[in-house]
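Taking it in order: structure first as structure tokens, then the write-up.
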Amino acid sequence: MEDVENTSPKSAKSGDGAPKREKGWSAINKVNKELKEKKRENEKLQARVVEISGAMDGLRQQLWELELVNAEAAARVEELEDAATARDAKSSEAEDQLLDAGAAEVAAAVADERARAAVERRALEAAHLAAVAELEAARLAAVAELEAAAAADAEAHAATKAELVQARRAAADGTAEARAATKRSTAAEARAAAAEAELDGLRTSPPPRCVSVEPESPDKDGLLERLEGECARRAAELQRRAAELQDARKATLDSNWRATQLEAELKTLRETKDATKKRLSVLDAQTQQARLAAEESRVALLRGTLARYLAAPSDDLARTLAALLDVVFVASYWDTPSTDVPISSYMEHIMWFLVAGLLVVGLAARFGLRRIQYLNPKEQLLVKLLTSKIVVNGPAVYFPPLFKTLSYKKRPALTLATAQHCVVTEERTGEQRVVEGPCALFLGPYEAAAAATESRSLSEAEGVVVLDRASGTRELLAGPLVYAPRTAHEVLERHVAATTLKASEYVRVQDARTGKVRVVAGECRFFLEPHEALVGKIANAWTLGANDYVRLRDGASGSVRVVRGPGVCVPKATEDAVDGPEPLAAVALKAWEYSVIQAPDGARRVERGPALIRLGPEDVFLSARKTGATVDALHAALVRDRSTGAERLVTCERDASFVFVPKAGEEIVEVRDLVRLAEHEAVILRDGSGKFHYRYGKTPDGCFFVPPTWEIVSLKWSRGRRRETRDLVISVFDCRPQYMSFEFNCRTSDNVELVLEGTFFWEVASIPKMLEFTSDAPGDVCSHARSSFIALISKVTLAEFMASFNDLAKRASDGDDAFYRNRGIDVHSLEVTRYACADASTSAILAQIISETTNRMCRLSQQDSENEIALSKIDGAVAQEKGKAELNEIREARDVAAARAEGEAEAQRLLSFLETLDGRVTDGEALWRELRRKDALEAVASGSAHVYFTPDQAQLTIETRA
């Protein structure tokens, strides 16, 4: 409202009239009154909110007292639980007696006790839950009524709502503390705490939109009294029910404690019984394992004895009998499962000795039959006699001598396949031999064979290098074959592969013994000898076309030979390419091309086309292909003599163009174009001594070739509007007048920085003077003009500059003509096309000034136009009035003349009429007038006019007749 009052005068000043201002002020005053009324209503609402907050604080205090009562009840319950625990301790002796009575009775008693305790616990929990539910319902009802009353005020103002939220949070904090104390009570109290948590959720949630309650409601005090009475009544009921709950809980705890003690004792007895059973089962298992181990050891002893008997050689009688006696001895002491006492009866021993005799007879028969050896075609019998060894090859039947044979053994013949071999060694002499398959090998009595080895199968592209260790020589064996050592001293040193060469390939091979190198050319396949090695990789031979050739240098003699195509060139062992791996192509010169070739002695020669050029053995191309210089009317060739350094210019005569090819000692420096100057162009030439020469297009020498030692002089001029970059190269000078733009900064006397833009209209009048004094004519002109401008503008103000900037420009261009004349430059004019302030703020002010000036000029021009139009109207009106006056004068003169003529005619008619009467009528004039009146009436009667006459004029009389 204050802002409106402060800004209203301004708005009143800027209004369009007094009625509108008065209307606006009346609207503002009306709004201010409404705002004041709203403020008073807001203050009333805030006072009502304070009252409701006080009422809620009282209600929170009552809720806190209820929580304290609940906490005291919980403490009382805990005391009762402690007393029940003490009583349970006293009843432990009775429980011990129950344990002696038997596990079945204890279990039955425990089950009955638990059932009764469960029934009592459920009843107590139901009663407690009902009490807590009633208390919570009362709390919820009270809170709902208070929140309904607060919701109406919260809708009236946002600040009131924030205070109510803070009050609710404080109430929630107090309830949370009460709930923390109540958690130490029973499970029913825990459920009550959950209900309180749900109540907190309802409190913290936004209140529902209720019907607005007037702050001045007269039922508020009655509602609070009813709530207080209800809370007191329910608190007393809660205390009474808490006491009943404590008594019931005490009895329940006693029953639970007795049942727990009985269960613990029963569990201990069962654990003792289970442990005893486990120990008995472990002892039984250990006894059984010991018996099984004893049986297994006896069976193993008997089995070992029988095995030694069966394994005894049939020709060794002593060992066989010893083994048999061991079997009998072990069997005689065989245990029964129940006793370890051996059978020692005499009859039993006799029976066992008879059994032993029968076994000996059977053994002898078996021994004789087993000594006969039957050999098949792939078996061999090795017999070891008293002093030597012999072999018997199959097929055969052989009985070894009984008293000469120490031992004998069968062994199979060694079978070798087609690709196998083995080494046989004579044990007495150490000699070795190689046996190749396929065969069945029977060894001698003193020979031993190594394991059969696979022979190596070699294809056509494979080979092996073998070493004879006895002589130290190496040998190459090339495939196809199956390799096996030919002697026992021959070993495979390495496997080699054949080298395959194509028709266009070759390779160098070096003999390691002599160092000699040979060349193997394709198309072929070859093996390296053991003492040979490849020198480098496989290389491609040169495939030469019709115009190809290659130069090869012999490394031994140093000579060079040239091989021309077509064909395939394979170098010798000591030859290498002179010009690289690729063959050279002959240079095909056209008619306008040439080559420069240098011989080994340094002499040069020029080969001119058309021709096919190949280098000699020692020749070198200085220029393989060069184009001759075209010399015609527009081009000339500058040629330098290498021996003297002199230069000459080759030109054509009589327009006979040709291609110039230099001699062996000459070179073409460049091809010079004919310089053709327009009439307004000029160039500067400098000769070999440094003297300058000038050529102009308007003179006869305007078309020329630059002489050999001369050059065209180029100057670097500045470019850009400020001429800050000097990189514009000018070699041909335009002598016509031309425009040049510029831009620079300057300050007026009132310290306003301006950016001026304009153009010069200038020309180069004298090139020698320009070259004498400057090399940058545009830069000098701009710099000098800028200095003059700055000096002139610094003496005037901005307004003066704006009024006379063209005069300042003229003074700047005309102020120092000597500066321009000395440089051969004529400045015709200097114009300022644009100016602006360098500072943005000043530029804005200048723009406003210019805009205002422009508007003023526009208005003046408009007023002048209006004035001219008005003056033109006035002049037209004056001229019109003058014309009207002249017209009136002419009309008057005409009317006068007409009247005069008419009068004269009338007078003449009258005279003629009178003369005609000639005195016969006394009053001739009156008669004339009467006749003229008659003519007038006839004229009027013949038209559409109406003529009214008075009675006197008409001379009429009216008579009334009966």
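Not measured: the values here are computed from a predicted model.
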Hey, does [Y] have a side-chain heavy atom less than 4.5 Å from the side chain of [X]?
| X | Y | answer |
| --- | --- | --- |
| Leu756 | Phe789 | yes |
| Val755 | Glu743 | yes |
| Leu674 | Leu634 | yes |
| Phe761 | Val827 | no |
| Tyr820 | Trp762 | no |
| Val732 | Val675 | no |
| His828 | Asp826 | yes |
| Asp776 | Lys716 | no |

Judged by atom type as modelled, is there a donor-acceptor pair below 3.5 Å linking the side chain of [X] to the main-chain atoms of [Y]?
| X | Y | result |
| --- | --- | --- |
| Ser794 | Ile790 | yes |
| Arg676 | Gly697 | no |
| Ser749 | Thr797 | yes |

Specify the closest pair of heavy atoms between [X] and [Y], including all atoms of both residues, with the distance to one decimal.
| X | Y | answer |
| --- | --- | --- |
| Cys735 | Ile767 | SG-CD1, 4.0 Å |
| Asp632 | Phe705 | O-CZ, 4.3 Å |
| Arg604 | Ala664 | O-CB, 3.4 Å |
| Thr630 | Val671 | O-CG1, 4.4 Å |
| Val706 | Leu649 | O-CD2, 3.8 Å |
| Trp710 | His693 | CH2-CD2, 3.6 Å |

If we count only N and O atoms by modelled type, under 3.5 Å, do the side chains of Ser804 and Arg811 hold a donor and an acceptor together?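 No, because no side-chain N or O of Ser804 sits under 3.5 Å from a partner of the opposite role on Arg811.
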
Does the side chain of Asp727 pick up a donor-acceptor pair with the side chain of Thr725 at under 3.5 Å?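 Absent: no donor and acceptor within the cut-off.
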
Charged N to carboxylate O under 4.0 angstrom, Arg648 versus Glu666?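 Looking at Glu666 together with Arg648, the answer is yes, because their closest N to O distance falls below 4.0 Å.
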
Decide if atom [atom1] of [X] counts as having more than 12 heavy atoms of other residues, nucleotides or ligands within a radius under 6.0 Å.
| X | atom1 | answer |
| --- | --- | --- |
| Glu866 | CD | yes |
| Glu679 | CD | no |
| Arg891 | CZ | no |
| Glu902 | CD | no |

Using 0.5 Å steps for rounding, measure from the [atom1] atom of [X] to the [atom2] atom of [Y].
| X | Y | atom1 | atom2 | result |
| --- | --- | --- | --- | --- |
| Glu753 | Arg747 | CD | CZ | 4.5 Å |
| His635 | Ser657 | NE2 | OG | 11.0 Å |
| Ser595 | Lys626 | OG | NZ | 10.5 Å |
| Leu871 | Lys873 | CG | NZ | 11.5 Å |
| Leu754 | Phe744 | CG | CZ | 10.0 Å |
| Lys882 | Asp875 | NZ | CG | 9.0 Å |

By ring pair (Phe, Tyr, Trp, His ring centres under 6.0 Å), which residues pair with Phe760, not counting sequence neighbours?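 Checked Phe760 against ring pair (Phe, Tyr, Trp, His ring centres under 6.0 Å); matches are Phe742.
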
Go through the steps to decide whether Val781 and Arg823 satisfy the test side chain to side chain contact (heavy atoms under 4.5 Å, CB included), and finish with yes or no. CA-CA 10 Å; Val781 171; Arg823 286 160 176 77; over 6 Å; no

Step by step, would you call Ser775 with Arg726 a side chain to side chain contact (heavy atoms under 4.5 Å, CB included)? CA-CA 11 Å; Ser775 61; Arg726 187 177 176 181; 2.4 Å; yes

Stepwise side-chain hydrogen bond (donor to acceptor under 3.5 Å, both in side chains) test for Asn888 and Glu892: CA-CA 6 Å; Asn888 291 332; Glu892 289 177 358; over 6 Å; no

Residues in side chain to side chain donor-acceptor pair (under 3.5 Å) contact with Arg894, at least two apart in sequence or another chain: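 If we apply the side chain to side chain donor-acceptor pair (under 3.5 Å) test to Arg894, skipping adjacent residues, there are no hits.
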
Over 60° means perpendicular and under 30° means parallel, so classify the ring planes of Phe819 and His784, tilted if in between.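 Parallel: the ring planes of His784 and Phe819 meet at under 30°.
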
Between Tyr696 and Tyr694, how do the two ring planes meet: parallel, tilted or perpendicular, split at 30° and 60°?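 Ring orientation, 0 to 90° scale: parallel.
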
Could you go through the salt bridge (Lys or Arg N to Asp or Glu O under 4.0 Å) check for Arg614 and Glu607 one step at a time? CA-CA 10 Å; Arg614 294 184 179 87; Glu607 299 288 344; over 6 Å; no

Set out, in order, the CA-CA distance, both residues' side-chain angles and the distance that settles side chain to side chain contact (heavy atoms under 4.5 Å, CB included) for Val796 and Phe805, then state yes or no. CA-CA 10 Å; Val796 298; Phe805 60 86; over 6 Å; no

Do Leu715 and Met770 pass the side chain to side chain contact (heavy atoms under 4.5 Å, CB included) test, and can you show the C-alpha distance, the side-chain angles, and the key distance before you say yes or no? CA-CA 11 Å; Leu715 301 181; Met770 180 193 69; 4.1 Å; yes

Contacts of type salt bridge (Lys or Arg N to Asp or Glu O under 4.0 Å), residue Asp734, not counting sequence neighbours: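 For Asp734 the salt bridge (Lys or Arg N to Asp or Glu O under 4.0 Å) partners, ignoring immediate neighbours, are Arg736.
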
